[in-house]
Amino acid sequence: METETIVARLKSSGLFQTKGFIGGKWIDAYDGKTIEVNNPATGEVIASVACMGEKETQDAISSAYDAFGHWSKLTAVDRSSRLRKWYNLLIEHKEELGQLITLEQGKPLKEAIGEVLYGAGFIEFYAEEAKRIYGDIIPSPLPDRRLFVLKQPVGVVGAITPWNFPFALITRKVGPALACGCTVVVKPSELTPFTALAVAELALRSGIPPGVLNVVMGDAPKIGNYLLESRQVRKITFTGSIAVGKKLMASAAETVKKVSLELGGNAPFIIFDDADLEVALKASVASKFRNSGQTCVCTNRLLVQEGIYDKFITAFSNAVQNLKVGNGFSEGVSQGPLINEAAVQKVESLVQDAISKGAKVVVGGKRHDLGLTFYEPTVISDAKNEMLIARQEIFGPVAPVIRFKTEEEAIQIANDTDSGLAAYLFTNNIQRSWRVSEALEYGMVGVNEGIYSSEGAPFGGVKQSGLGREGSKYGLDEYLEIKCICMGNMG
Ligand code: ADP
């Protein structure tokens with residue numbers, strides 16, 4: 001399908017927006033600047049969007065700050081019902097939202113619609129949780145005192161999101177923020193702004209008042225700096241690279257903001273000799289090659305025990321060879337393009353490093369014949385944990401497979417990284433599954449399961465993979481302050 005045809009159809013539904021969204025209005029950059037957004041599967045320019053900076057961010061923050069007074073004072077039931085309406089609209093428009101995701105991000109349409117269902121789930125979940133933000137009454141140390149705990153919204157939130165899940169990483173932040181009574185300024189990735197803008201349009205249609213949700217994009221460091229400098233912004237939530245996350249965390253110190261960070265991972269996928277090979281095989285393909293390997297919880301390193309190593313490599317390679325690469329709008333395609341040229345170059349250099357240090361390419365190993373940013377799904381055997389490919393986040397369709405002998409060795413290799421987001425292990429030994437889960441220094445562990453995420457499960461990492469949790473009842477804490485009220489003279 002042509003980019004133009006898709007855009008024309010999306011325009012007629014009102015879901016194709018190109019301006020920033022401030023105080024409930026669509027706004028051009030004040031100096032009229034725009035940036036082009038490309039379709040990674042064709043290289044075509046989809047359209048240009050407003051390229052905003054400090055002044056627009058300042059106005060978005062002011063809108064959010066003004067709206068906070070009203071929004072935070074609505075009853076939880078009222079906020080909940082508006083979130084519910086928003087959820088219904090997101091689901092109603094899942095096809096169009098999915099098309100937008102495929103258009104600007106490249107993932108196959110089926111996977112994109114899957115992202116919409118998954119992402120909308122956060123709005124539904126937090127519409128429900130909005131009504132369950134309870135405080136506490138604490139037994140008093142003195143007879144004439146009473147102690148109460150109130151949970152109150154932190155205030156204006158700055159949310160900075162990446163391109164790999166242009167929809168779900170916004171709803172996962174905005175859902176709990178709005179449920180708690182916070183208001184938000186979102187800065188989506190400049191590579192994938194259209195989905196964010198469509199999400200804002202549907203928020204407006206669902207009765208979420210102007211100023212409660214704002215979207216600005218353009219000069220990322222400038223917008224980021226302004227969000228961080230502002231005393232009105234009380235919380236920064238970020239998903240993206242470790243390098244940018246560290247910068248944001250350091251800058252947040254100036255105004256002592258609450259910070260949650262979901263940074264990169266280096267997920268080990270450990271298969272023990274006693275695993276069900278069929279189960280492990282299916283899960284490994286899904287966990288490694290989902291979104292062409294461009295997710296922070298994607299398997300980065302497969303660790304396979306020596307007894308089944310060769311058998312696994314053969315079966316895995318056969319499965320990977322059959323993955324269909326192409327434009328995400330084409331039927332049967334499971335592997336879209338990588339997001340841009342820089343992403344392909346990174347993958348190429350990691351593969352080169354692995355080969356130069358003795359690893360072998362079993363399948364793939366080069367750019368795909370389709371050209372542009374398509375890369376062949378790749379299996380690399382004889383990988384070692386010292387190779388760059390096992391130390392850095394690959395973010396591409398390349399699976400290095402490392403051989404190990406003992407359980408202790410597997411744990412040691414798995415934990416030998418600064419990251420600690422997701423890990424997976426496959427075994428039919430129940431004691432081992434518990435023992436290894438406990439020993440893994442990761443925020444999320446899949447046992448005989450390669451896809452972990454859902455709105456009810458806490459998502460987040462340890463070590464340099466981040467701070468805080470998203471999704472689940474724990475995700476609310478990131479947007480709440482605890483206030484204790486001590487009442488005297490109550491005897
Ligand atoms: P990725 O490699 O996933 O693109 P980045 O950390 O570069 O990760 O980007 C994630 C988000 O952070 C994007 O919205 C991007 O525009 C934004 N970003 C990048 N650099 C900065 C910065 N210096 N300040 C604030 N936001 C930034």
Side-chain angles (χ1 to χ4, degrees), residues 20 35-38 40 49-54 56-58 60-61 101 104-107 157-174 184-197 199-200 214-230 233 235-255 257 259-266 291-298 300 337-347 349-350 373 392-396 419 421 461 464-467 470:
I35 26 172
E36 289 182 344
V37 183
N38 291 298
V49 294
C51 179
M52 299 177 143
E54 228 169 79
E56 297 88 344
T57 307
Q58 194 170 0
I61 295 170
I101 296 172
E104 62 182 355
Q105 198 273 337
K107 70 178 68 170
V157 174
I160 302 177
T161 57
W163 50 265
N164 60 341
F165 287 90
F167 181 86
L169 296 186
I170 291 178
T171 54
R172 194 156 87 181
K173 294 174 179 352
V174 175
V184 187
V185 177
V186 175
K187 195 213 77 66
S189 167
E190 284 62 38
L191 300 173
T192 57
F194 296 117
T195 310
L197 298 171
V199 166
N214 306 275
V215 183
V216 290
M217 66 260 150
D219 186 328
K222 265 198 193 144
I223 296 172
N225 281 345
Y226 202 78
L227 286 170
L228 284 154
E229 275 169 22
S230 167
V233 176
K235 154 100 194 175
I236 288 287
T237 168
F238 170 77
T239 300
S241 60
I242 292 182
V244 174
K246 284 181 179 175
K247 257 194 237 164
L248 300 182
M249 189 176 172
S251 308
E254 202 55 44
T255 48
K257 290 189 208 318
V259 178
S260 44
L261 303 170
E262 199 268 272
L263 309 176
N266 182 3
N291 202 8
S292 300
Q294 303 173 107
T295 91
C296 46
V297 290
C298 266
N300 208 54
L338 297 195
I339 190 70
N340 55 24
E341 179 62 24
V344 187
Q345 283 174 8
K346 180 178 180 191
V347 169
S349 74
L350 294 178
T373 57
Q392 298 181 10
E393 213 175 11
I394 304 167
F395 245 61
S419 301
L421 196 59
Q464 295 189 22
S465 284
L467 288 177
E470 296 192 306

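Read the numbers this way: they start at 1 and go in the same order the structure lists the ligands and their atoms.
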(message) For K346, I'd like to know if atom NZ has over 12 heavy atoms of other residues, nucleotides or ligands within 6.0 Å.
(response) yes
(request) Please find out if less than 6.0 Å separates the ring center of F194 from that of W163. (result) no
(message) Do the side chains of E190 and K187 get close enough for a salt bridge, i.e. N-O under 4.0 angstrom?
(response) yes
(message) Testing the 3.5 Å rule here: is there a donor-acceptor pair between the side chains of E341 and Q345?
(response)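 Their side chains do contain a donor-acceptor pair, which is all the 3.5 Å distance test asks for.
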(message) Can you see whether Q392 engages N300 through a side-chain donor-acceptor pair at a distance of less than 3.5 angstrom?
(response) no
(message) Determine whether a donor-acceptor pair (N or O, by modelled atom type, separation under 3.5 Å) exists between the side chain of Q294 and the backbone of N164.
(response)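 No, Q294 side chain to N164 backbone: no donor-acceptor pair under 3.5 Å.
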Taking a 3.5 Å cut-off between nitrogen or oxygen atoms, can you list every pair linking ligand 1 to the protein, with distances?
| from | atom 1 | to | atom 2 | distance (Å) |
| --- | --- | --- | --- | --- |
| ligand 1 | 4 (O) | W163 | NE1 | 3.1 |
| ligand 1 | 6 (O) | S241 | N | 2.9 |
| ligand 1 | 6 (O) | S241 | OG | 2.6 |
| ligand 1 | 8 (O) | S241 | N | 3.4 |
| ligand 1 | 14 (O) | T161 | O | 2.7 |
| ligand 1 | 14 (O) | K187 | NZ | 3.0 |
| ligand 1 | 16 (O) | K187 | NZ | 2.9 |
| ligand 1 | 16 (O) | E190 | OE1 | 3.0 |

